[in-house]
Peer 1: 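Shown below is the structure under consideration.
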Amino acid sequence: MTLSPKDASQRTREICALAPIIPVLVIEDVTHARALAEALVAGGLPALEVTLRTPTALEAIRAMSEVVGGHVGAGTLIAPEDVRAAKAAGATFGVSPGATDELLAACEEEDLPLLPGAATATEAMRLLARGYDMLKFFPAEASGGVPALKAIGAPLPQVTFCPTGGVNPANAGSYLALSNVLCAGGSWVAPADLVAAENWAAIETLARDATDLRSMA
Ligand SMILES: O=C(O)C(=O)C[C@H](O)[C@H](O)COP(=O)(O)O
């Protein structure tokens, strides 16, 4: 470990500050990975989360990591072996739906900056105590959405969130307007049908529209 959890969280914060939206990607066909990443980066969304939900995810991370200007992270980190595999594949950050001591220890060991999930004040406080102040609010809409995140932020202003789960173009602006939100995660910028059709131009347009969300907030 060379990065303290606090330094690693600062690195996560820098990645989250790159764009208002982090695309949450489920890659079924690795041959799509590179072109998809190029379209999203060209559209203005450089930080990408590839969920470890498909057999091709690690290979996709490897392919996407070659795209200039991109920052490819691994999502759905659950166990320490996920962290090691993600790091070996070239992921430069990790995202998890929640946090366990074992998962945090593995990320610290591997120097993989983590965006750990929290849905309650207690979860956020536990992570803050360990040095993590940039967190994923998950599942955002199901956990009470904008009012819940605003309420959690009142006593914990030092914690910043990336709400994910149910965020869409209609509600993203309300999240991004909160003082404790830096960016949001969402899958809508890479819909399965457009990826399957290899319609990279349409995906680049969706990405570009997503970059405008902050100014609308
Ligand atoms: O697998 C993970 O670790 C995740 O990050 C789950 C994602 O947050 C949601 O799948 C994104 O949800 P939607 O944008 O509502 O589709």
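Ligands are counted one by one from 1 in listed order, and the atoms in each one are counted from 1 as well. What you see below is based on every heavy atom in this structure, not just the backbone, and it leaves out hydrogens, waters and symmetry mates.
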Peer 1: Atoms of ligand 1 less than 4.0 Å from Gly166 heavy atoms?
Peer 2: 13 (P), 15 (O)
Peer 1: Could you tell me the residue and atom name of the protein heavy atom closest to atom 8 (O) of ligand 1, and the distance to it rounded to 0.1 Å?
Peer 2: Thr164 CG2, 2.8 Å
Peer 1: For atom 12 (O) of ligand 1, find the nearest protein heavy atom and state the residue, atom name and distance (0.1 Å precision).
Peer 2: Gly165 CA, 3.7 Å
Peer 1: Any N or O of Thr76 that comes nearer than 3.5 Å to an N or O of ligand 1?
Peer 2: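 So ligand 1 has an N or O lying under 3.5 Å from an N or O of Thr76.
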Peer 1: Is a side-chain N or O of Asn180 found less than 3.5 angstrom from the main chain of Thr160, in a donor-acceptor match?
Peer 2: no
Peer 1: When you measure from the side chain of Thr56 to the backbone of Glu59, do you find a donor-acceptor pair of N or O atoms at a distance under 3.5 Å?
Peer 2: no
Peer 1: Check Trp188 against ligand 1 and report side chain, backbone, both or neither, counting heavy atoms closer than 4.0 Å.
Peer 2: neither
Peer 1: Does Gly186, backbone or side chain, put an N or O under 3.5 Å from an N or O of ligand 1?
Peer 2: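 No, there is no polar N/O contact under 3.5 Å.
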Peer 1: Run the side-chain contact (heavy atoms from CB on, under 4.5 Å) test on Ile21 and Cys183 for me, step by step, so that the C-alpha distance in whole Å, both residues' side-chain angles and the decisive distance to 0.1 Å come before the verdict.
Peer 2: CA-CA 5 Å; Ile21 300 299; Cys183 66; over 6 Å; no
Peer 1: Using atom types as modelled and distance alone, determine if a side-chain donor or acceptor of Arg13 lies under 3.5 Å from a backbone N or O of Asp133.
Peer 2: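 Checked: pair present.
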Peer 1: Starting from atom 10 (O) of ligand 1, locate the nearest protein heavy atom and write down its residue, its atom name and how far away it is, to 0.1 Å.
Peer 2: Arg53 NH2, 2.9 Å
Peer 1: Would a single hydrophobic cluster contain both Met134 and Val24, if residues Ile, Leu, Val, Met, Phe, Trp and Tyr are joined by side-chain heavy-atom contacts under 4.5 Å?
Peer 2: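 Result: no, two separate clusters.
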Peer 1: I would like to know whether Ile203 and Val189 meet side-chain contact (heavy atoms from CB on, under 4.5 Å); could you show each step before the answer?
Peer 2: CA-CA 6 Å; Ile203 288 174; Val189 285; 5.8 Å; no
Peer 1: Return yes if some donor-acceptor pair links the side-chain N/O of Glu204 with the main-chain N/O of Trp200 below 3.5 Å, else return no.
Peer 2: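 Such a contact is absent between Glu204 side chain and Trp200 backbone.
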Peer 1: Can you name the atoms of ligand 1, numbered from 1 with element, that are less than 4.0 Å from a heavy atom of Phe138?
Peer 2: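 Checking each atom against Phe138, I get 6 (C), 8 (O).
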Peer 1: Which of the atoms of ligand 1 are close to Thr51, meaning less than 4.0 Å from one of its heavy atoms?
Peer 2: 1 (O)
Peer 1: Can you check whether Lys136 has an N/O within less than 3.5 Å of an N/O in ligand 1?
Peer 2: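 N/O-N/O distance below 3.5 Å exists for this pair.
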Peer 1: Considering only non-hydrogen protein atoms, determine which one is nearest to atom 16 (O) of ligand 1 and report residue, atom name and distance to 0.1 Å.
Peer 2: Ser187 OG, 2.6 Å
Peer 1: Could you give the distance from CG (Asp7) to OG1 (Thr12), rounded to the nearest 0.5 Å?
Peer 2: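 Reported value, rounded in 0.5 Å steps: 10.5 Å.
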